[in-house]
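The structure appears below as structure tokens.
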Amino acid sequence: MSDVLRGILLAMSIVMLSVMTPLPTRAEDQASKSVVDPASRTREDAQRHFATKVLPLLKAKCFVCHGEKADDVRGEYDMLSRGSLIRGGETGEVALIPGNPDDSVLMHSIRREYNDMPPKENDRLSEKEIGWVEQWIRDGAVWPSE
């Protein structure tokens with residue numbers, strides 16, 4: 001076999017492999033950057049993560065419209081407890097599935113895939129903050145007592 005033919009076959013093989021190998025989706029790429037392997041995390045890690053990252057974020061970005069004032073809960077979605085976060089609001093959909101961020105409406109909302117939450121552009125969560133919430137849900141959405 002000539003060197004030219006070998007070169008052509010090698011190039012074709014490389015092209016075929018690159019076409020057949022799926023690229024990670026944006027979500028998979030983000031997940032690999034922002035989420036720690038849950039098998040390596042303890043319940044204490046998850047509780048600390050919630051207390052230091054997620055709860056302050058919810059207080060700053062969500063509670064003002066979703067629980068701070070009992071008579072003014074937007075969308076009937078009270079976010080002040082784990083149970084009410086899971087239960088959801090006026091749509092009747094379960095909003096949070098502990099252990100499963102990809103199927104949680106809450107994640108789709110803060111990623112702005114279903115609706116824009118929080119609605120104000122300047123309150124929008126950063127990719128890092130979205131990663132914190134995703135990790136928290138993946139950890140089982142622990143909600144330790146204060």
Side-chain angles (χ1 to χ4, degrees), residues 7-146:
I8 291 172
L9 288 174
L10 178 61
M12 288 176 56
S13 298
I14 292 170
V15 168
M16 290 301 293
L17 281 173
S18 67
V19 170
M20 294 173 60
T21 305
L23 295 173
T25 65
R26 182 172 186 266
E28 290 168 338
D29 189 47
Q30 288 299 324
S32 67
K33 292 178 187 173
S34 62
V35 178
V36 177
D37 176 16
S40 67
R41 293 175 59 87
T42 65
R43 181 156 180 83
E44 187 176 282
D45 291 334
Q47 290 175 343
R48 185 178 311 107
H49 177 74
F50 174 75
T52 61
K53 303 279 194 244
V54 178
L55 185 57
L57 180 66
L58 294 175
K59 285 179 178 178
K61 305 278 185 157
C62 306
F63 288 176
V64 70
C65 293
H66 297 286
E68 198 169 82
K69 296 178 185 175
D71 59 337
D72 187 26
V73 175
R74 307 260 170 88
E76 299 176 21
Y77 190 34
D78 181 354
M79 298 178 75
L80 293 179
S81 72
R82 183 177 190 266
S84 61
L85 261 168
I86 292 170
R87 189 171 33 258
E90 66 187 1
T91 65
E93 289 183 78
V94 171
L96 187 150
I97 302 168
N100 189 349
D102 295 329
D103 290 333
S104 295
V105 172
L106 176 63
M107 282 305 304
H108 292 286
S109 295
I110 65 173
R111 287 179 184 142
R112 295 176 164 238
E113 296 167 348
Y114 287 176
N115 52 48
D116 296 342
M117 287 296 148
K120 293 181 182 172
E121 189 65 33
N122 63 336
D123 287 336
R124 186 177 196 161
L125 275 62
S126 68
E127 289 296 320
K128 186 175 189 176
E129 292 168 329
I130 291 170
W132 294 344
V133 176
E134 182 177 4
Q135 183 65 54
W136 171 64
I137 295 171
R138 196 172 305 285
D139 286 343
V142 298
W143 191 287
S145 63
E146 291 187 64

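Note that CZ of R138 is 12.5 Å distant from CD1 of I97, once rounded to the nearest 0.5 Å. Atoms CG and CG, from L85 and L106 in turn, are 6.5 Å apart once rounded to the nearest 0.5 Å. If you take CH2 on W132 and CD1 on I110, they are separated by 11.5 Å, rounding to the nearest 0.5 Å. To the nearest 0.5 Å, atoms CG (D139) and CD (E134) are separated by 10.5 Å.
Qualifying salt bridge (charged side-chain N to carboxylate O under 4.0 Å, His left out) partners for E44, counting only residues two or more places apart in sequence or in other chains: R48. By the salt bridge (charged side-chain N to carboxylate O under 4.0 Å, His left out) test, R82 is found to be paired with no residue, residues two or more places apart in sequence or in another chain being considered. Take L80 and apply the side-chain contact (heavy atoms from CB on, under 4.5 Å) test, not counting sequence neighbours, and it matches F63, D78.
The minimum heavy-atom distance between P98 and G140, with the atom names listed, is CB-O, 3.4 Å. Between L58 and F50, the closest heavy-atom pair is CD1-CE1, 4.5 Å. Contact detail for G88 and A95: the closest heavy-atom pair is CA-CB, 3.7 Å. For the pair D102 and H108, the tightest heavy-atom approach, listed with the atom from each and the gap, is O-NE2, 2.8 Å.
Looking only at side-chain heavy atoms (C-beta outward), I137 and N100 stay at 4.5 Å or farther from each other. Annotation: side chain of M107 is in contact with side chain of I130 (closest heavy-atom distance under 4.5 Å). Between L96 and W136 there is a side-chain heavy-atom pair separated by less than 4.5 Å. A heavy-atom distance below 4.5 Å is found between the side chains of K61 and E129.
Between the side chain of D45 and the backbone N or O of T42, at least one donor-acceptor pair lies under 3.5 Å.
For the side-chain hydrogen bond (donor to acceptor under 3.5 Å, both in side chains) condition, the pairs that include at least one residue of residues 84-97, sequence neighbours left out, are S81-S84.
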